[in-house]
Amino acid sequence: MAAPERNRVLAGELVSRASVEACKGASLADIDQAITACDFDRAASVAIALAKASKPADSDVIARILPGIELPAMVNALVAIAPDRKALLDVVTSHAFPRTKDAAELEAIVLFGAWRAGADVARLIPDLRRLSARSMTAEGYALLATIAQTIADPNVAAATKPIATFAKEYAKQVAADEKAMTASVDGVIASLPAEVESSRGGFTVRSTKTVGRNEPCPCGSGLKYKKCHADKDAVATPSPVPGLSWDEFLAGDKLTPDHIAQLALRDLVKVDLSRLGAEPLFTAFRRFEEANLLGHAERVMAEADRREGPVSANMRGEHVYRLLDAGRLADARRHIALLPDEDARDHAFELAIHEGTPEAKWHALVAAARDAVASDDKHPDLELAYALLRAEPALGIVAARACIGTMHVDDADLLLELVEEARDKLNLPPTDAAWDVLDALSEPQKKHKAEDEAQLKGALAESSARIDQLERVLAQVRSELADAKTRPAAELMRAPEQTSGLESKVRELEALIREGNAERRELRKQIEEAAAEEEEEEAPSARRGRRTLEEADDDVGDELEMGARSLTIPKFERRAIDALGDVPANVASEAMRTVGTLAAGDGFAWRGVKAAKDMTRQVLMARVGIHHRLIFRVEDGALEVLDLITREQLLTTLKRLRANRQ
């Protein structure tokens, strides 16, 4: 098959040869200004232009741009122009990348680039282990596995064993990435598209009704449109809200939480926060926190502080935990001082452990431990464990084990995942012994649930048998009613009560069957919910058995309603035609059979089809065997086949389609 999509710069990034050319004469100050405005595409364009002019930005400047980039190919390009690639390890160890699923692969690329340039292996091991437990494409795993196989450490080998085979299976892709991240500046620029269209995120822009030039202007001035707003509207960028330009839209008062969630960060920073409602404001805070743009998150908190209500306290509580996780103690202390006294006390111990003298740390630890064992509440135990996992991981592991042993925990799996992260930091063998303790303590509960499920299944069987019996009786009564209605008219006149009695019996039986079916549906629903809950509980953690790529596909699409579809006429895009020629013959044959059954409207074929999320136009996905996905859409009576890809290309392909608004 053709080279993977991730090794090409796609239109999702607004970086092109034209954008780099337009940045001729720009300076480092322009990069600072672009980063402040969250316009990371412009920052990248300026950085490449400076490298072309033999005035390369320092690696620490490149490191500030990288967390704002969204596609692997552009990350490769920035790694390539960094003067000191091994220094880029700092941006990974500081956890500056967004806490999103897609960002994990971008961190893997930067980690690989730093390692290949000679970064300290001991420093990168914790993040190698951390990232190997995250969900990403096979190519991202291959980069990490390639690093791991060169490290002679049994704990690293054990932690990365689930992804070890990717190094060999995807060696060509690793080589392609390495070539891209070591390319010359001219090579980087040559890999860029000639130009790309500007993007406004994932919005559907609706145009307002066209106004005739000689009609009265809608603004109410009394002038003709051509003499009032015609020229202004011609240059105004439309927005998702009819009648508002893009700049008016960003003013804030019409923005909903959904709008905030879809805005590009470079547009979100332009929003007038003072005009946002409470919910959109909180959504903006979450967007900035997720993107690790903590300075902008504090701007949102400052606006929330200006208002009355609990919004500000809720934001600040979340922000403090984010600062503590990032090790930004001075900022954390500043915000803790603004929390209510009860919440602030929860953090006093952690600050003492971080900042106190050895004697003060010991006294703080003893005091916190005494409070925890003296309390009947689980809260002190958990706060002690969480604080120690951040501040002193080894002690945190011991404290977390105590919470598991006493079941003083709300979400045991989450706590043990943090324990595994602590084991990564310390490079201990993976899979803590507390998992076995949790399994043993959970066994009685699982047994009770199994008994409940058996009872539900027994009730379902009884209900089904009862409905079957009622349906047989109903069939017999309907037959008798039909016979009665076919008697001669004179006989029916003599015994009308027989017919009416049978009709009443039919209605009674039908009502009983409806009630029985409703009961059966409810029992089946309860069984399905119990099975789903059991499956979720038994799903192995990242350390006990990684999610497969097959399972990861479920995150990118929604199930369609089951049932047959209308007949459609297949038509193939150029990408799909090329892909059919590149894949093995058996895969191409299976793909064509899939297209045929989908176009025929076969209900069974449509059972596994999913709709991709957040698309301007609907994009559908169907499996072709285990390793391939058919990407298509149905519009105007046609089944348009867009592409045939491997499952590893799925996320990148969907990102391209979203970016191109296809």
Side-chain angles (χ1 to χ4, degrees), residues 1 3-4 6-7 72 75-76 79 89 92-93 97 101-181 416-417 419-433 435-436 539-553 555 625-628 646-652:
M1 180 171 275
R6 73 192 294 274
N7 291 323
V75 172
N76 276 332
V79 171
L89 178 61
V92 179
T93 58
F97 279 84
K101 180 178 178 180
D102 291 344
E105 181 172 359
L106 308 183
E107 287 189 86
I109 293 171
V110 177
L111 188 73
F112 183 91
W115 166 75
R116 184 56 83 188
D120 182 8
V121 171
R123 283 189 61 211
L124 65 78
I125 283 177
D127 289 288
L128 170 65
R129 291 184 52 167
R130 171 179 64 86
L131 291 171
S132 71
R134 296 282 300 277
S135 179
M136 65 183 76
T137 68
E139 293 166 333
Y141 288 141
L143 294 172
L144 299 173
T146 301
I147 301 173
Q149 70 183 5
T150 67
I151 300 175
D153 185 294
N155 294 335
V156 171
T160 59
K161 183 179 178 180
I163 66 168
T165 59
F166 288 96
K168 183 177 180 180
E169 293 173 4
Y170 291 86
K172 289 183 179 179
Q173 285 81 354
V174 171
D177 272 326
E178 185 171 359
K179 181 178 179 181
M181 67 178 64
L416 289 185
E417 284 300 327
V419 167
E420 294 299 339
E421 290 182 11
R423 297 181 76 85
D424 287 340
K425 293 177 184 177
L426 301 171
N427 196 24
L428 298 173
T431 312
D432 195 85
W435 287 109
D436 294 331
S541 73
R543 314 307 167 140
R544 303 169 96 184
R546 180 181 312 283
R547 289 178 58 199
T548 65
L549 293 172
E550 193 77 18
E551 292 169 330
D553 290 352
D555 293 339
I626 298 176
H627 300 289
H628 292 80
T646 62
R647 65 188 186 191
E648 291 82 16
Q649 294 172 280
L650 182 60
L651 294 177
T652 305

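Computation of the quantities below employed the complete heavy-atom set of this structure, encompassing side-chain atoms and omitting hydrogens, waters and symmetry-equivalent molecules. Here the structure is a predicted model, which is why all the values come from computation and not from measurement.
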Original post:
Are any non-hydrogen side-chain atoms of D153 and V121 less than 4.5 angstrom apart?
Top reply: no
Original post:
Residues in side-chain contact (heavy atoms from CB on, under 4.5 Å) with L428, at least two apart?
Top reply: I397, R423, L426
**OP:** Might you point out which heavy atoms bring W115 and L124 nearest each other, and give the distance in Å?
**Re:** CB-CD2, 3.7 Å
Subject >> Exercise: identify the closest heavy-atom pair between A108 and M136 >> reply: CB-SD, 4.2 Å
**OP:** Evaluate the side-chain proximity of F112 to T146: yes if any heavy-atom separation is below 4.5 Å, no if none is.
**Re:** yes
Original post:
What is the minimum heavy-atom distance between V156 and T160, and which atoms define it?
Top reply: O-OG1, 2.7 Å
**OP:** Can you see which heavy atom on A104 is nearest to which on L131, and at what distance?
**Re:** O-CD2, 3.9 Å
Original post:
How far does CD of Q173 sit from CG of L143, to the nearest 0.5 angstrom?
Top reply: 10.0 Å
**OP:** Find the distance between CD1 (I163) and OG (S132) and round it off to the nearest 0.5 Å.
**Re:** 5.0 Å
Subject >> K425 NZ to D127 CG distance, which is reported to the nearest 0.5 Å >> reply: 10.0 Å
Original post:
Testing E421, E417, E107, E420 for salt bridge (Lys or Arg N to Asp or Glu O under 4.0 Å) with R130, which one passes?
Top reply: E107
**OP:** Report the distance from atom CG of L144 to atom CD1 of I109, rounding to the nearest 0.5 Å.
**Re:** 10.0 Å
**OP:** Measure across A159 and R129 and return the closest heavy-atom pair with its distance rounded to 0.1 Å.
**Re:** CB-NE, 3.5 Å
Subject >> Where L89 and D120 come nearest, the two heavy atoms and their spacing >> reply: CD2-O, 4.1 Å
